[in-house]
Participant: 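Below are the structure tokens for one structure; questions will follow.
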Amino acid sequence: MRIRIVDAFTDRPFAGNPAGVLLLDAFPDDDRLQKVALEVNHAETAFAHRLPEGGDADWALRWFTPATEVAMCGHATLATAHVLHTTGAHEGRVRFATRSGVLVASPGEDGSITLDFPTAPLTPVDPPAGVTEALGAEPRAVLDTGPDLGDLLVEVADEKTVRGLTPDHKALAAHSERGIIATARAEDPARGYDYVSRCFFPNVGIDEDPVTGSAHTALAPYWSERLGRQDLTGLQASPRSGRVRTQLRGERTLLSGRAVTVIEGELLA
């Protein structure tokens, strides 16, 4: 069984968000999948197997953190598409059957991959009691991102505030199903990005996720409305950092980025 570690939403190794990727003949039992994800110990490990021809999807895809299975993951989907294309296992557009429906990944001529994901529904809510203290910053706006993500989207004062956050992860866990997306407008758009974010997901075993594709299905509609443009670039300002190009298309959001395979080996257990 081949296992690969792929850095997603980056064009260079040791940046972006690493994901484990395993291409299988079929899914083993859930306990084995969870044990492999814990052993890999990255934010997500993706497991995929080919589906019969003629259906609505080409590959079945599941994602596990070290602690649990999740309903949606952008960077591990990008990493899986990258592995399929670079190994010759699949050519062109690939359709994944997932817990979030059929998700499509399309390769670009420039080497990037574009994911077609559902746009997160945003509902303004009052800041929960204690969230300011847990996050370490005063919210300007708080929005629920719907059941697929299970996050709170929190706008704070500025980019400097986002970069300087040192949240109480245990306290944050009480305020959403998955975690908190903290964001602000870019201080200087001339640097090549329109907004910044950081993502904290203590409820699924990830204190801070390096680059979160799924979060951008909420960030894209939020900032597109405020900036008056459908096509934007977000910078996730984690220590590893990475950029996600977003295109808001109504009920769908397109997420584009690159990926780099950094490790390839054999799972012996």
Side-chain angles (χ1 to χ4, degrees), residues 4 6-11 16-17 19-24 26-27 43-64 69-122 145-151 209 211-222 224 230-234 236 242-261:
R4 297 167 176 87
V6 177
D7 290 342
F9 291 115
T10 182
D11 59 0
N17 201 351
V21 178
L22 292 94
L23 305 183
L24 310 173
F27 292 135
E44 308 283 350
T45 298
F47 302 90
H49 71 77
R50 193 187 303 273
L51 294 172
E53 294 184 4
D56 294 332
D58 307 301
W59 290 74
L61 178 62
R62 296 173 71 181
W63 313 280
F64 285 75
E69 184 174 9
V70 297
M72 182 184 293
C73 179
H75 86 277
T77 304
L78 179 67
T80 304
H82 169 78
V83 169
L84 291 176
H85 295 144
T86 55
T87 62
H90 191 95
E91 295 184 0
R93 189 182 74 145
V94 56
R95 301 167 300 167
F96 293 110
T98 77
R99 288 175 59 180
S100 295
V102 175
L103 305 177
V104 178
S106 302
E109 294 182 359
D110 63 352
S112 66
I113 295 172
T114 297
L115 309 178
D116 184 337
F117 272 39
T119 301
L122 301 180
T145 63
D148 285 342
L149 293 190
D151 299 327
D209 198 32
V211 190
T212 313
S214 61
H216 286 75
T217 66
L219 290 161
Y222 185 77
S224 289
Q230 303 298 299
D231 296 1
L232 302 170
T233 297
Q236 196 152 328
R243 300 190 184 203
V244 183
R245 300 197 307 275
T246 60
Q247 299 171 275
L248 186 62
R249 300 295 183 261
E251 294 183 353
R252 309 296 296 185
T253 296
L254 305 182
L255 312 171
S256 299
R258 296 172 178 265
V260 180
T261 300

Participant: Take the angle between the ring planes of His90 and His85 and call it parallel below 30°, perpendicular above 60°, tilted in between.
Facilitator: tilted

Participant: With a 4.5 Å limit on heavy-atom distance, are the side chains of Leu232 and Ser224 in contact?
Facilitator: yes

Participant: Hey, could you give me the CD1/CZ distance between Ile113 and Phe9, rounded to the nearest 0.5 Å?
Facilitator: 9.5 Å

Participant: Could you tell me if the side chain of Leu149 sits less than 4.5 Å from the side chain of Met72, heavy atoms only?
Facilitator: yes

Participant: Mind checking the CH2-OG1 spacing from Trp63 to Thr45? Nearest 0.5 Å is all I need.
Facilitator: 13.5 Å

Participant: Could you list all the salt bridge (Lys or Arg N to Asp or Glu O under 4.0 Å) pairs where at least one residue sits in residues 102-116, not counting sequence neighbours?
Facilitator: Asp116-Arg252

Participant: Please report the interatomic distance OG1(Thr77) to NE2(His82), rounded to the nearest 0.5 Å.
Facilitator: 14.0 Å

Participant: Looking only at non-hydrogen atoms, find the nearest pair between Pro221 and Leu248 and report the distance.
Facilitator: CA-CD2, 3.8 Å

Participant: Thr114 vs Leu255, test: side chain to side chain contact (heavy atoms under 4.5 Å, CB included). Steps then yes/no.
Facilitator: CA-CA 5 Å; Thr114 297; Leu255 312 171; over 6 Å; no

Participant: So, for Ala81 and Ala105, which heavy atoms are closest and what is the spacing to 0.1 Å?
Facilitator: CB-CB, 3.7 Å

Participant: Which is it for Leu219 and Thr246 under the side chain to side chain contact (heavy atoms under 4.5 Å, CB included) test, yes or no, and what are the steps along the way?
Facilitator: CA-CA 9 Å; Leu219 290 161; Thr246 60; over 6 Å; no

Participant: Treating Thr253 as the side-chain partner and Phe117 as the backbone partner, does any N or O pair qualify as donor plus acceptor under 3.5 Å?
Facilitator: no

Participant: Could you tell me which non-hydrogen atom of Ala46 sits nearest to which non-hydrogen atom of Leu61, and how far apart they are?
Facilitator: CB-CD1, 3.9 Å

Participant: Which heavy atom of Ala79 sits nearest to which heavy atom of Ala19, and what is that distance?
Facilitator: CB-CB, 4.1 Å

Participant: So, for His75 and Ala43, which heavy atoms are closest and what is the spacing to 0.1 Å?
Facilitator: CE1-CB, 4.3 Å

Participant: If you define the side chain from C-beta out and look only at heavy atoms, does anything of Ser256 sit under 4.5 Å from Leu78?
Facilitator: no

Participant: Going by the salt bridge (Lys or Arg N to Asp or Glu O under 4.0 Å) test, which pairs reach into residues 86-95, not counting sequence neighbours?
Facilitator: Asp58-Arg95

Participant: Answer yes when Arg249 and Asp231 have at least one side-chain N-carboxylate O distance shorter than 4.0 Å, and no when they do not.
Facilitator: yes

Participant: Which value, rounded to the nearest 0.5 Å, describes the distance between Arg243 atom CZ and Asp11 atom CG?
Facilitator: 10.0 Å

Participant: Is Ser100 reaching over with its side chain to a backbone N or O of Ala71, donor-acceptor style, under 3.5 angstrom?
Facilitator: yes

Participant: Could you check whether any side-chain N or O of Gln236 sits under 3.5 Å from a backbone N or O of Asp209, counting only pairs where one atom can act as donor and the other as acceptor?
Facilitator: yes

Participant: Spell out, as yes or no, whether a donor-acceptor pair under 3.5 Å connects the side chain of Arg50 to the backbone of Ala89.
Facilitator: yes

Participant: Is any side-chain heavy atom of Thr145 closer than 4.5 Å to one of Leu122?
Facilitator: yes

Participant: To the nearest 0.5 Å, what is the distance between CG on Leu84 and CG on Leu23?
Facilitator: 5.5 Å

Participant: For the OG1 atom of Thr212 and the CG atom of Asp151, what is their distance to the nearest 0.5 Å?
Facilitator: 8.5 Å

Participant: Would a line drawn from the ring center of Phe47 to the ring center of Phe64 be shorter than 6.0 Å?
Facilitator: yes

Participant: Answer whether the closest heavy-atom distance between the side chains of Val83 and Val6 falls below 4.5 Å.
Facilitator: yes

